[in-house]
A.B. asks: 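One structure, pasted below without further comment.
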Amino acid sequence: MSKEFEIVREFEVDVPPEQVWAAITTGTGGYLWPMEPPEPREGGRGPFGSTVVVWEPPRRYVNRSEDVGMPTQSLNQLDHTIEPRDEGRRAFVRYVHSGIFTDDWDTQYDGANKHTDFYLHTLREYLTHFAPAPVAFAQVNGPATSAVPEALAIAARALGLPDGATAGTKVSVRGPGGRGLDAVLDYREAEFIGLRTERALVRFFGRGRWGAPFGISVHDFAPGADAETDGAAWQDWLNGVFSQS
């Protein structure tokens with residue numbers, strides 16, 4: 001049964017509004033995934049066939065898709081409002097994701113709600129630590145055996161992440177090829193883990209409760225970083241973890 005939804009988040013970040021604007025319009029690979037930049041005008045083409053319905057740089061950007069192309073959703077709208085704080089040295093952001101889910105509303109809303117928190121946290125990490133550096137982005141998914149509720153716990157053990165480690169903790173984990181990685185554990189919730197190294201943001205998505213395989217996104221800001229190399233390394237790690245689970 002079709003039903004409307006709305007997810008609202010508000011936060012402040014220690015960068016000027018113009019940097020937030022650049023991230024959400026042309027720099028999405030730094031925290032989400034690379035998307036075609038919107039045409040810079042009202043009525044222009046936005047990402048994934050959406051339409052730009054508000055274009056007021058650097059204050060407000062809204063895009064809307066009325067034919068989403070997915071069986072579980074028929075309407076999708078993303079609304080970003082950015083306001084200056086402290087004479088423009090900081091920014092206040094209000095983000096509203098709304099639309100219509102057409103199947104299993106509770107599951108779809110739960111997934112979108114929790115992913116929103118992780119993605120917006122990653123946006124703040126990108127803005128605070130890496131923007132506007134160029135990014136090499138890689139995204140990989142685990143095998144079918146990773147589509148289980150305990151997938152994140154399995155991955156955390158493979159990383160060697162201490163059970164009691166909380167967000168903000170400095171950790172040393174085992175990455176691809178058993179290579180040690182020194183990082184800050186910048187996010188840890190029931191379905192998500194975020195690691196921030198000196199050169200990258202590595203994000204772990206335990207999507208088993210929503211029936212999807214485990215996923216990893218790598219946002220690599222090192223000079224000369226190669227997305228294909230990053231993706232292949234983490235894919236091997238992921239396949240190894242879940243072939244043994």
Side-chain angles (χ1 to χ4, degrees), residues 9 11 29-33 106-130 135-222 225 227-245:
R9 297 290 187 271
F11 61 89
Y31 69 98
L32 195 58
W33 56 77
D106 289 338
T107 298
Q108 296 295 320
Y109 180 81
D110 182 58
N113 195 43
K114 288 182 169 60
H115 278 75
T116 293
D117 286 331
F118 193 30
Y119 285 135
L120 293 181
H121 170 82
T122 303
L123 169 61
R124 294 192 293 276
E125 290 289 291
Y126 164 62
L127 287 168
T128 302
H129 298 282
F130 298 107
V135 62
F137 173 81
Q139 185 174 41
V140 296
N141 292 314
T145 53
S146 70
V148 291
E150 63 271 22
L152 195 74
I154 294 169
R157 287 196 297 271
L159 287 166
L161 198 61
D163 290 341
T166 57
T169 304
K170 292 183 178 180
V171 296
S172 182
V173 300
R174 295 186 298 272
R179 186 177 74 252
L181 292 175
D182 293 326
V184 173
L185 176 64
D186 67 89
Y187 197 89
R188 190 171 195 176
E189 295 294 341
E191 287 83 25
F192 309 103
I193 288 172
L195 296 177
R196 186 184 76 244
T197 71
E198 288 187 356
R199 73 171 205 171
L201 295 169
V202 187
R203 327 314 273 167
F204 300 83
F205 300 82
R207 294 177 169 133
R209 67 177 291 178
W210 302 298
F214 194 90
I216 299 176
S217 293
V218 183
H219 310 263
D220 194 339
F221 304 98
E228 186 173 346
T229 300
D230 286 342
W234 281 104
Q235 186 70 69
D236 286 346
W237 182 90
L238 198 49
N239 291 343
V241 169
F242 287 100
S243 68
Q244 301 170 18
S245 61

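Note: hydrogens, waters and symmetry copies are ignored here, and every other heavy atom, side chains too, is used.
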A.B. asks: If you count the non-hydrogen atoms of other residues, nucleotides and ligands that lie under 6.0 Å from CD in E150, is the total more than 12?
C.D. replies: yes
A.B. asks: May I ask you to test the V135-Y126 pair for a side-chain heavy-atom distance under 4.5 Å?
C.D. replies: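 No, every pair of side-chain atoms sits at 4.5 Å or beyond.
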A.B. asks: Is there a side-chain contact between I216 and W237 (heavy atoms, below 4.5 Å)?
C.D. replies: yes
A.B. asks: Not counting sequence neighbours, which residues clear salt bridge (charged side-chain N to carboxylate O under 4.0 Å, His left out) with D236? List them please.
C.D. replies: none
A.B. asks: With distance as the sole test, does R174 use its side chain to make a donor-acceptor pair with the main-chain N or O of R157 at under 3.5 Å?
C.D. replies: yes
A.B. asks: So, R209 and E191, do they make that salt bridge, N to O below 4.0 Å?
C.D. replies: yes
A.B. asks: Less than 4.5 Å apart, side chain to side chain, heavy atoms only: is that true for L185 and V173?
C.D. replies: no
A.B. asks: Hey, could you give me the CZ/CG distance between R188 and L161, rounded to the nearest 0.5 Å?
C.D. replies: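 R188 atom CZ to L161 atom CG measures 4.0 Å (nearest 0.5 Å).
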A.B. asks: side-chain contact (heavy atoms from CB on, under 4.5 Å) with V241: which of I154, T145, L159?
C.D. replies: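 Exactly one pass, corresponding to I154.
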A.B. asks: If I compare all heavy atoms of L152 with all of A190, which pair ends up nearest, and what's the gap?
C.D. replies: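 Scanning both residues completely, I find the closest heavy atoms to be CD2-O, 3.3 Å.
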A.B. asks: Evaluate the ring planes of F130 and F221, with Trp represented by its six-membered ring, and classify them as parallel (under 30°), tilted (30 to 60°) or perpendicular (over 60°).
C.D. replies: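 The arrangement is parallel - the two ring planes meet at less than 30°.
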A.B. asks: Can you tell me how far CG of N141 sits from CD of Q235, rounded to the nearest 0.5 angstrom?
C.D. replies: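 Spacing of CD (Q235) from CG (N141) equals 7.5 Å.
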A.B. asks: State, to 0.1 Å, how close F242 and P143 come at their nearest heavy-atom pair, and which atoms those are.
C.D. replies: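 Here F242 and P143 meet closest at CB-CG, 3.8 Å.
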A.B. asks: If every non-hydrogen atom of V171 is compared with every non-hydrogen atom of A165, which pair is closest and at what distance?
C.D. replies: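 Nearest pair, atom of V171 first, then A165: CG1-CB, 4.3 Å.
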A.B. asks: What are the two closest heavy atoms between P176 and A233, and how far apart are they?
C.D. replies: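 The answer is CB-O, 3.5 Å.
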A.B. asks: Is the shortest heavy-atom distance from the side chain of W234 to the side chain of L238 under 4.5 Å?
C.D. replies: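 With C-beta onward as the side chain, the pair stays apart.
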A.B. asks: Apply side chain to side chain contact (heavy atoms under 4.5 Å, CB included) to Y119 and F192, showing your working.
C.D. replies: CA-CA 10 Å; Y119 285 135; F192 309 103; over 6 Å; no
A.B. asks: Taking atom types as modelled and ignoring hydrogens, do the side chains of H115 and R207 form a donor-acceptor contact shorter than 3.5 angstrom?
C.D. replies: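 R207 and H115 do have a side-chain donor-acceptor pair below 3.5 Å.
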A.B. asks: Taking the side chain as every heavy atom from C-beta outward, state whether E189 and F118 have any pair of such atoms under 4.5 Å apart.
C.D. replies: no
A.B. asks: Considering all heavy atoms of both residues, which atom of A156 and which atom of I193 are nearest to each other, and what is their separation?
C.D. replies: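 Closest heavy-atom pair between A156 and I193: CB-CD1, 4.0 Å.
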A.B. asks: Which label fits F214 and F204: parallel for a plane angle under 30°, tilted from 30 to 60°, or perpendicular past 60°?
C.D. replies: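 Rings of F214 and F204: tilted, 30 to 60°.
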A.B. asks: Could you give the distance from OH (Y31) to CZ (R203), rounded to the nearest 0.5 Å?
C.D. replies: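 One gets 13.5 Å once the value is rounded to the nearest 0.5 Å.
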A.B. asks: Determine, stepwise, if the pair D230 / Q139 fulfils side chain to side chain contact (heavy atoms under 4.5 Å, CB included).
C.D. replies: CA-CA 9 Å; D230 286 342; Q139 185 174 41; over 6 Å; no
A.B. asks: A147: which residues meet the side chain to side chain contact (heavy atoms under 4.5 Å, CB included) condition with it, sequence neighbours left out?
C.D. replies: none
A.B. asks: Please name the pair of heavy atoms, one in A138 and one in A227, separated by the smallest distance, quoted to 0.1 Å.
C.D. replies: CB-O, 3.5 Å
A.B. asks: Working to the nearest 0.5 Å, report the span between CG of L201 and CG of D186.
C.D. replies: 6.5 Å
A.B. asks: Rounded to the nearest 0.5 Å, what separation is found between the CG atom of L181 and the OG1 atom of T197?
C.D. replies: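 So the gap between those two atoms works out to 7.0 Å.
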A.B. asks: In Å, rounded to the nearest 0.5 Å, how long is the span from CZ of F205 to OG of S217?
C.D. replies: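 Interatomic distance, F205 CZ to S217 OG, rounded to 0.5 Å: 4.0 Å.
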A.B. asks: Quick one: does T122's side chain get under 4.5 Å of R196's, heavy atoms only?
C.D. replies: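 No. Closest side-chain heavy atoms not under 4.5 Å.
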A.B. asks: Could you tell me whether K170 and D182 make a salt bridge, using a distance below 4.0 angstrom between a side-chain N and a carboxylate O?
C.D. replies: no
